[in-house]
Each structure stands twice: as C-alpha cells, then as structure tokens.
Amino acid sequence: MAYQTINPFTNEVVKTYANATPEEIENALALGDERYHAWRQEPIADRAQILHRIAALMRDHKDQLAKIATIDMGKLFTESQGEVELCAMIADYYADHGADLLAPTPITTQATGDAEIEKQATGIVMAVEPWNFPYYQIMRVFAPNFMVGNPMILKHASNTPGSAAAFEQLVNEANAPRGTFKNLFLSYDQIGDIIADPRVQGVALTGSKRGGQAVAKAAGENLKKNSMELGGSDAFIVLADADIDEAVNLAWRVRLYNAGQVCTSSKRFIVADSLYDQFVAALKEKFQAMVPGDPMDDQTTLAPMNSKRAKEKLQDQVDRAITGGATVAYDNEPIDLPGQFFQPTILTDIQPDNPLFYEEMFGPVAQVYRVADDQAAIDLANNSELGLGGIVFSGDPVHGKQVAQQIETGMVFVNTFLSSLPELPFGGVKGSGYGREMSSLGLMAFVNEKLVVTAQKPDYQNGAGGLVIL
Ligand code: NAP
C-alpha cells in the first residue's frame, strides 16, 4: 500500500513515502530490543524527564504539528491544535505519575516471606494506529509504555504519514535514546512478521473491525498480549426531563467534531417521544449553520472528511439506509467544493431490519430515534454489536446516572462531553474491542505483573498448614 499525504481540502498529493525495507525493520527490532534491556537497568526518573521534554516540545511546535495533521487528514486547524495540547497533557501525566503507579504492590499473604507484585517491562510494543487523531492515537500507547520501559514500533495509517514522521522527529529532538520509538511504513504482511518476532511482546491496535480482526489474529497465533480499540456507534440518550436546548447544544458538537470521524462520536440520538420533534428541528438548524471551507481558516466550522474513500463509503451507507427505509430529515446534498466535504445529514425512521442499523457511520451523519420511555432508550442503546461509549442527558443527574449504569459500553458520560483525558480509562466492550488505554489501566497493558516472594531466611517447613508446594 502507498503511504501518501493527499490533502483532503485540495486533493493535492503532497508527499509519497517509500515502504520500509527488511533492513529497516530488523534495525528497528534490534535497537528496540537493546533499548528494552538497557531500560531494565536505568532509573525511571530519567524517562520521566525525557517525557516532560517531549510534552514541552509538542507545545513549542504546536502550530507546526497541527498544520501537518490538518494537511494529512483535513481536520480543523483549531482541532489539531487541541489534539497536540492533549498529547502534551498525556505525556506530562505519565511523566508525573508513572513511577508511583508502577511501584510494587505489597500483598498480605500466608506464604513465608514478603510478597509483592512488581511491574516490569516486557519488550517491544507494536502499535497499529488510525488517522483520525494522528498524534493522540500514537501518544496513548507511547507515553505509558515509555515509562514502563517498553520501546515502540509504529505502523500508522497510510494516509497520515506526515504526522507519523513528525512524531518520530519530535521524540528524537527530545534526545530519547535510540531504539525508543520507530515509525515504519509497513505493509500488512510486514506487520505480521514483526508481531511474530520474539522481541515483540505487545500489540496495540486502534481502528476498524477489519483491521482489528487481522491484527488480533496475528497476535493470537503468536500468543502475544494485545489490546483492541475498535469502532463505536455510541448512543446519546435524551431523557424526557432533559432541557432540550442544552441537549441539542451538546448533540451537534459531539456529532460533528472532527467531521464526525471520532470513535466515540455520538452516532445514535435516542430521544424521548415528548422531545423528539423539537430535537430534530433544533439539530437541523445547527447542522444548517455549519460553514464548510479551508480547515486552516478559523471561520470554517465544517472540515472535509479524511479521504475520498471515506466520503464514498459514508455516502454508500446513507444510500443503503434510505433504500432500507430511512427518512432524510436533513439534507444529504453535495457541497460545491473540490475537497472531500460531506453535508451533515440527519436520518430518521431507521428500524432494526435496516441494513445500516448495526453499522458504524464514521462521518457527519446523525441517526435519530424516537422512544417511549427510559427502558426503551436503554434497550435501543444496548441493541448494538458495539459497546464503546455513550452520553445520557437528563435534567436530574441522579436519574441520568441510573440510566448510564444500564448502558453496556466501556464509558458513559452524563450531561457532558465524552472527554478523553490522561487520567480516565478509554476503551470498550463487545465489538468495540478489549483492554483499556490511558490512566493507570493503560499503563498496565503490557506490564509483567510479576510476583516476587522473599523469605528472610530459608524455610523448609510447611509453616502455614495446608499449603501445597508446586
Ligand atoms: P482501519 O482501516 O482498521 O485502520 C487502522 C489501522 O489499521 C491503520 O494503520 C491501517 O493501515 C491498519 N490496518 C487496516 N487493516 C489492516 C490489516 N488487515 N492488517 C494490518 N493492519 C491493518 O481503521 P479506519 O477505518 O481507518 O479507522 C477508523 C476506525 O477506527 C473506526 O471504526 C473508529 O471507530 C475506530 N477508532 C477507534 C478508536 C478507539 O479508541 N476505540 C479510536 C479511533 C478510531 P492502513 O491505513 O494502511 O490501511
């Protein structure tokens, strides 16, 4: 596959990159392995300093990095700037808290001696990442594993090679030791070869079901621990006691941010019968007000989608939904600009037998459903093959939380954005994958939680009666 930046606003081929050679791959594995062994002997405090330096460099180069991401995949420049800042926050968080979170955990035990769980590195992590947050997706794996002492090899999406190269340059500029991080422009087969290599001990993928299944299969065949951060078709539930203006004010933002290309974008709006008509009308007004244009221009509010292929896939999904019985409540007309723009669209009357009912729509399309009561909203939200996140909107936070607790996903937020912050675990259940990134949970993803029991003097007696010597 070709690694290429094609600016989705202009359709210009900006730069093409050569695929990795076998020598480059072997070099990355050899240096990564050397680094893994070196880090086992080095104090974690040294890595914390470097990670803070990476955060500072990201902030120093914020605009330059943001522009690279916007040209790679089209998102609004202001959103790219926000992404770079979030990456710096993640780096600072793990630099500040990594050592404490990785401290040994003592266990009270009947065994002779002191027992503790040590948190040790395991080896190189192979990360396969998507284009939609071209820096943040890398940082979510890089920062925690750097503190643990696991080097990282990155295979980024083929349409965001500029961001991948910029991230690598930044790590080098921070004087991270060689072997810390290597970006490689890999084919799918080469990913499989790397996963099979014994120097690699962890595999992280964020992406689609298709990519997840292929990479998880390779990891499974090689018995490599893996985490899968896959798609979502998150529900945004508006309960009957919600303030409709506040709900809509949140709804349009969470659907259209990043041109609707967020795994945790609200995609299915499930609205109480009494508020449904008002909700659809108000959402339509918000969608109408969007201004498509140059994502570098701060007057633009609607960015192009990331690629021609993504736009065509979304249009095909909308067409199939309509054929399957959906109503277009708004608008689905072409936008008269050369870039990969997709007019925000509202679909209603989607029944469970619609071929789109169980598909993730990864772009600016809102599906709106009418429900009779809370239980119907919960049942509809849970009638999904995916289980990533969700939002519940209610005039009463206690009521909202009661509903949130019944949603079968990895994350639910009540009356607020589903926000990604370093201290909050991120991940899903069901078809949305397994494992968590970010927070202390993400730090432990590829850690050897190793039991060490130390008797103060030799003990040949089975002191605590009934113990079995294994
Ligand atoms: P994708 O096609 O699966 O691509 C993601 C990564 O996997 C890319 O680097 C891609 O490389 C690689 N890949 C794809 N097929 C592969 C295969 N057979 N073998 C090895 N590598 C493979 O995903 P996408 O459609 O671009 O990304 C959007 C999806 O990601 C959505 O479903 C979204 O919800 C999900 N997502 C999930 C999260 C989360 O945290 N849960 C976050 C963001 C996005 P190429 O680019 O070279 O094909």
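Position 1 is the first residue of the sequence; numbering continues from there. When a ligand or atom number is given, it counts from 1 through the structure's own listing order. None of the values given here were measured: they were computed from a predicted structure.
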### Task
Report yes or no: does R140 have a heavy atom closer than 4.0 Å to ligand 1?
yes

Does [X] approach ligand 1 within less than 4.0 angstrom via side chain, backbone, both or neither, non-hydrogen atoms only?
X: I191; value: side chain
X: V215; value: side chain
X: N132; value: side chain
X: E437; value: neither
X: M438; value: neither

### Query
Within a reach of under 6.0 Å around NZ of K62, are more than 12 heavy atoms found that belong to other residues, nucleotides or ligands?
yes

### Query
Under 6.0 Å from the NZ atom of K209, do we count more than 12 heavy atoms belonging to anything else shown?
no

### Message
What I want to know is whether L230 and ligand 1 share at least one N or O pair that is separated by under 3.5 angstrom.
### Response
yes

Would you call the rings of [X] and [Y] parallel, tilted or perpendicular, where under 30° means parallel and over 60° means perpendicular?
X: F146; Y: W39; answer: perpendicular
X: Y369; Y: F357; answer: perpendicular
X: F236; Y: F279; answer: tilted

### Query
Where do F181 and F167 land on the ring pair (Phe, Tyr, Trp, His ring centres under 6.0 Å) test, with the steps shown first?
CA-CA 9 Å; F181 174 88; F167 194 98; 5.2 Å; yes

### Options F185, F133, Y188, ranked by nearest heavy atom to atom 13 (N) of ligand 1, top entry
Y188

